Amino acid sequence: MDIFSYFTSDKSFNEDEFEDVGEGTALALIADAFEELSDSIKKGNKKDALFELDLKPFCEACSLISILFGSLGIAFKFAEMEYTSKVNDLADAASVYGTLSKVIDCDVKTDTVQAAESLTRKLRRVRQGLDLIRELFQNFLSTDDYSLKEAASSAYKQVCAPYHTWAVRTAVSAGMCALPTRDQLLLNLNETDESAENEMRRYIKASLPVIKYIDNLFTSRGITLDW
């Protein structure tokens, strides 16, 4: 399927997805999962400068973000392409590599860090997905007058656009017009203004140490972050 067909297909968000996440709202579960990851990193770094984060819990937390992308409509179908399949590939590799650092070390050894299907490249894209949601939440909460379209457009331009092709950027821009309103998003997420703000701020705070941890895995091995 070509990129424009993908973004204009009639595949829609299934609200039942939010009924399958167990107890708590999707936002609460995401915040919980990333607070656990953040705590693991902080505690691990205190005990051992060479602390390694396990792939399995990382992928389990990241998989919850996929549910969130669904609430944003066709504009964020690109995120499903860039994110969800890559999380699944990393999860499948967890039993082989064990930790995020071993994934990167393996690709460094074989000089395939930036290869199209390398796990390191997929980890880089997943990291961008986490940062995209963090930036979107931050924009969304900056003012009540900031529409979801404005918040999402700004987040996309900041985090993902520099690394996407013209075709993807054009399709995403067109899809932004189909984003739900602030009120509709809150309804989709089963949140109020107050509860959404609380959970979004929890994710913003908890995701930063995770994002920084991943960035450090790259930079400590001499891998740039401009790709």
Side-chain angles (χ1 to χ4, degrees), residues 13-47 51-72 76 79-80 82-95 97-104 119 122-141 151-152 155 159-160 185-186 188-192 194-218:
F13 161 62
N14 182 359
E15 293 182 359
D16 290 341
E17 288 180 318
F18 284 89
E19 297 176 359
D20 296 333
V21 295
E23 294 184 6
T25 65
L27 282 185
L29 292 175
I30 290 168
D32 287 345
F34 278 87
E35 283 180 345
E36 289 183 15
L37 283 184
S38 179
D39 287 345
S40 295
I41 291 170
K42 291 175 183 176
K43 291 176 182 177
N45 286 337
K46 286 182 180 179
K47 293 180 180 179
F51 167 75
E52 295 187 7
L53 183 63
D54 288 339
L55 260 176
K56 188 174 185 294
F58 172 75
C59 291
E60 288 173 349
C62 291
S63 67
L64 296 173
I65 298 290
S66 301
I67 301 172
L68 180 59
F69 282 132
S71 70
L72 297 172
F76 278 76
E80 294 177 330
E82 281 282 306
Y83 183 88
T84 306
S85 66
K86 292 173 176 57
V87 172
N88 291 338
D89 289 342
L90 288 168
D92 289 342
S95 61
Y97 296 95
T99 66
L100 277 68
S101 59
K102 286 185 172 60
V103 164
I104 299 176
L119 288 173
K122 292 174 181 180
L123 176 60
R124 173 73 181 144
R125 294 296 176 257
V126 169
R127 176 256 184 243
Q128 288 175 336
L130 302 181
D131 201 22
L132 176 65
I133 294 299
R134 183 198 61 79
E135 187 75 18
L136 189 157
F137 283 176
Q138 204 157 266
N139 293 343
F140 188 80
L141 296 175
V159 177
C160 297
L185 177 65
L186 295 175
N188 287 348
L189 296 173
N190 196 27
E191 300 282 357
T192 64
E194 293 76 15
S195 66
E197 178 175 357
N198 180 59
E199 304 303 350
M200 287 180 180
R201 291 198 185 283
R202 288 176 61 205
Y203 173 80
I204 290 169
K205 182 179 179 180
S207 64
L208 273 173
V210 179
I211 292 168
K212 289 180 180 179
Y213 175 82
I214 297 171
D215 285 349
N216 287 337
L217 291 179
F218 283 87

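It should be emphasised that the depicted structure is a prediction, and the values quoted were computed from it without experimental measurement.
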Return the CZ to CG distance between Arg127 and Leu130, rounded to the nearest 0.5 Å. 8.0 Å
Residues passing the side chain to side chain donor-acceptor pair (under 3.5 Å) test with Lys212, sequence neighbours excluded, are none
Say you draw a straight line from CG of Leu27 to CD1 of Ile67; how long is it, rounded to the nearest 0.5 Å? 10.5 Å
So Asp131 and Arg134, salt bridge (Lys or Arg N to Asp or Glu O under 4.0 Å) or not? Walk me through it. CA-CA 5 Å; Asp131 201 22; Arg134 183 198 61 79; 2.7 Å; yes
Between CZ of Arg202 and CD of Glu197, what distance do you get to the nearest 0.5 Å? 13.5 Å
Distance check, rounded to the nearest 0.5 Å: Leu55 atom CG versus Thr99 atom OG1? 6.5 Å
Strictly distance-based, threshold 3.5 Å: is any side-chain N or O of Tyr83 a donor or acceptor partner for the main-chain N or O of Gln128? no
To the nearest 0.5 Å, atom CG of Asn216 lies from atom CD1 of Ile211 at 12.0 Å
Heavy-atom pair with the smallest gap, counting every atom of Ile41 and Val210: CD1-CA, 3.8 Å
To the nearest 0.5 angstrom, please state how far the CG atom of Leu141 sits from the CG atom of Leu136. 9.5 Å
Enclosure of Asn190 CG (heavy-atom neighbours >12, cutoff 6.0 Å): no
Does Tyr203 offer a backbone N or O that forms a donor-acceptor pair with the side chain of Ser207 under 3.5 Å? yes
Taking Phe34's backbone N and O only, do any of them form a donor-acceptor pair with Ser38's side chain (distance below 3.5 Å, no angle check)? no
